[in-house]
Protein chains: 2
Amino acid sequence: MVGGAEGSSPRRIPEATVARLPVYERILTEMLRSGDLTVSSEQLGSRARVNAAKVRKDLSLLGSFGTRGTGYDIAFLVAQIQRALGVDGDWPVAVVGLGNLGRALVNAEGFSSRGFRIAGAFDIDPAVVGQQVGPVVVRHLDELGLLEVGDRPTIGVVATPAAPAQQVTDALVAVGVRAILTFAPAVLEVPAPVLLRYVDLSIDLQVMSFFLARQPAEPLADELAQLRAVGLTPRR
Amino acid sequence: MVGGAEGSSPRRIPEATVARLPVYERILTEMLRSGDLTVSSEQLGSRARVNAAKVRKDLSLLGSFGTRGTGYDIAFLVAQIQRALGVDGDWPVAVVGLGNLGRALVNAEGFSSRGFRIAGAFDIDPAVVGQQVGPVVVRHLDELGLLEVGDRPTIGVVATPAAPAQQVTDALVAVGVRAILTFAPAVLEVPAPVLLRYVDLSIDLQVMSFFLARQPAEPLADELAQLRAVGLTPRR
DNA sequence: TCATGTGAAAACGTTCACAGCA
DNA sequence: TGCTGTGAACGTTTTCACATGA
């Protein structure tokens, strides 16, 4: 649904596919490290818990660069996926809230890799402001608007408790973030153009337990093959 | 796809709906706190960023208990959603890895609420083992198998770095968890019947940035209305 | 021979539009 | 009149099945 006059865009990549690409990429990167050079849709699919035909459809949307009879060149595939996901971009991220969760995020492996970089970390607790946390020095939330032009965040991460989350979100929107990723267990309101994504332990647990509840405790292997892992997506 | 002879199960609830129910529930609970008594599908939809018809479809799957011309009784609706999600269950959860992330999880609001309870927290770091973290005392991973029968975890949460994640997962599977929720940036292998869900900052960021990249920086309100927030679900 | 790439079919999920009821 | 509940239309995603090419 990202309509518009895009001109020379190579192909429309469905949202469902976009959600799987990072998973493929991670698997392929791991395989590269293990010394593998090529992979079949069958292999990749079984590692990603995805039907092989789906893998082929997904990859064919990026262009046709598999070799019939052999499979895909892993290194090349990784490069193509990265290109499709737009790794070349620069995505400054502001993290607000440096409790345990915020600290974990700021230190996360694979955060600064990829186009993402932490443009700033913010809190209001005087005990935390000024502290060095991982790669950054925590600043007061009031300084959010004072970031250099090149560091103006495109994405805001809300890692506060539920109570201040809406206020923090408003502050992020005010400095122009175009997307919010929130870990706070609260429902947020943002203006329509801002992308909003909730990451939530209790929601994940509830969805999981729903499926567990209607699954026999000791089920037969056959029926289980059909039970795919609850996806990554919009789901998202 | 949870086929089988379930007999008197009320209705099949699609996965997409299941992923939205906890969101509705959270909004409704907040509205209750604000003193609201009823809600229309329009109101609930706009808060959840979901089409009103979809809200009605979702809720009608739980049974028909709206009042035409008025809307839904919020308290009753919350109860129905909870019943559908199976709140009545008991879901012991084992958390492995008590770095910043594990600490955040163990202390999370809304963890122990709902049927979930922390049956145990495990690590291998001698500096952490024995420590009181939030509501629990951390035990050594080797003691995972020693939990009382009533505390045998149904769900395992992996909050370790990528390197030991597979090993930890194997240990969890060995003690009989039926679902794994992992925050480790690694691809895991589990036997087919075990549900597996990845929660991953860098994947979320990548998906978000993909949509941002093909979205005009200062887009018109009309086009944006179509850009729904990247969902929760499976996520998804 | 083996595995990709892709039309066509099936399954699934969303949205529309309106009948039905308070 | 206002809002739910739901068939039917629509759009998207998945899966099948096989022609194609290394």
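Letters go in sequence order (proteins before strands), and every chain restarts at 1. Values below: every heavy atom of this structure, side chains too, minus hydrogens, waters and symmetry copies. A quick note: this is a predicted structure, and the numbers were derived from the prediction, not measured.
For A:Gln43, the CD atom sits in a packed shell: over 12 heavy atoms of surrounding residues, nucleotides or ligands are nearer than 6.0 Å.
Spacing between atom CD of B:Glu15 and atom P of C:dG13 amounts to 8 Å, rounded to whole angstrom units. When the P atom of D:dG5 is taken as reference, atom CD of B:Gln80 falls 12 Å away, rounded to whole Å. The nearest whole Å value for the distance from the CG atom in B:Leu61 to the C1' atom in C:dC12 is 13 Å. Residue A:Leu59 contributes atom CG, which lies 9 Å from atom P of C:dT4 at whole-angstrom precision. Separating the CG atom of A:Asp58 from the P atom of C:dT6 is a distance of 13 Å, rounded to the nearest angstrom. Per the geometry, NZ belonging to B:Lys54 stands 12 Å off C1' belonging to D:dG11, to the nearest Å. Spacing between atom CG of A:Asn51 and atom C1' of D:dC16 amounts to 9 Å, rounded to whole angstrom units. Regarding B:Arg56, its CZ atom lies at a distance of 10 Å from the C1' atom of C:dC18, rounded to whole Å.
For B:Arg20, counting side-chain heavy atoms from C-beta on, the closest listed nucleotide (C:dT14, C:dT6, D:dT13) is C:dT14. Listed nucleotides: C:dT15, C:dG5, D:dC3. Nearest to the side chain of B:Ser40: D:dC3.
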Nucleotides 7-9 of chain D: which of its N/O atoms have a protein N/O under 3.5 Å away?
unit_1	atom_1	unit_2	atom_2	d
D:dG7	O6	B:Lys57	NZ	3.3
D:dA8	N6	B:Lys57	NZ	3.4

Heteroatom pairs (N/O) under 3.5 angstrom, protein to nucleotides 20-22 of chain D:
unit_1	atom_1	unit_2	atom_2	d
D:dT20	O2	A:Arg68	NH1	2.3

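The two residues B:Pro191 and A:Arg49 come nearest to each other via the heavy atoms O-NH2, 3.3 Å. Contact between B:Val175 and B:Pro153 at its shortest, heavy atoms only, is CG2-CG, 4.3 Å. Taking both residues in full, the closest heavy atoms of A:Ala159 and A:Leu105 are given as CB-CD1, 4.1 Å, listed atom of the first, atom of the second, then distance. Contact detail for A:Ala186 and A:Tyr198: the closest heavy-atom pair is O-CE2, 3.3 Å.
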Throw together a table of side-chain donor-acceptor distances under 3.5 angstrom for residues 60-76 of chain B, partners on residues two or more places apart or in other chains.
unit_1	atom_1	unit_2	atom_2	d
B:Ser60	OG	B:Arg56	O	3.3
B:Ser60	OG	B:Lys57	O	2.9
B:Asp73	OD1	B:Ala75	N	3.2
B:Asp73	OD1	B:Phe76	N	2.9

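With contacts defined as side-chain heavy-atom distances shorter than 4.5 Å, the pair B:Arg26/A:Asp200 qualifies. Side-chain contact check for A:Leu59 versus A:Ser41: every heavy-atom pair is 4.5 Å or farther apart.
A:Ser41 comes within 4.0 angstrom of the backbone, heavy atoms only, and of no base.
Between C:dA22 and B:Tyr72, no contact under 4.0 Å exists linking OP1 or OP2 to a side-chain N or O.
A side chain to side chain contact (heavy atoms under 4.5 Å, CB included) with B:Val158 is found for exactly one of B:Leu172, B:Leu181, B:Val96, namely B:Leu172.
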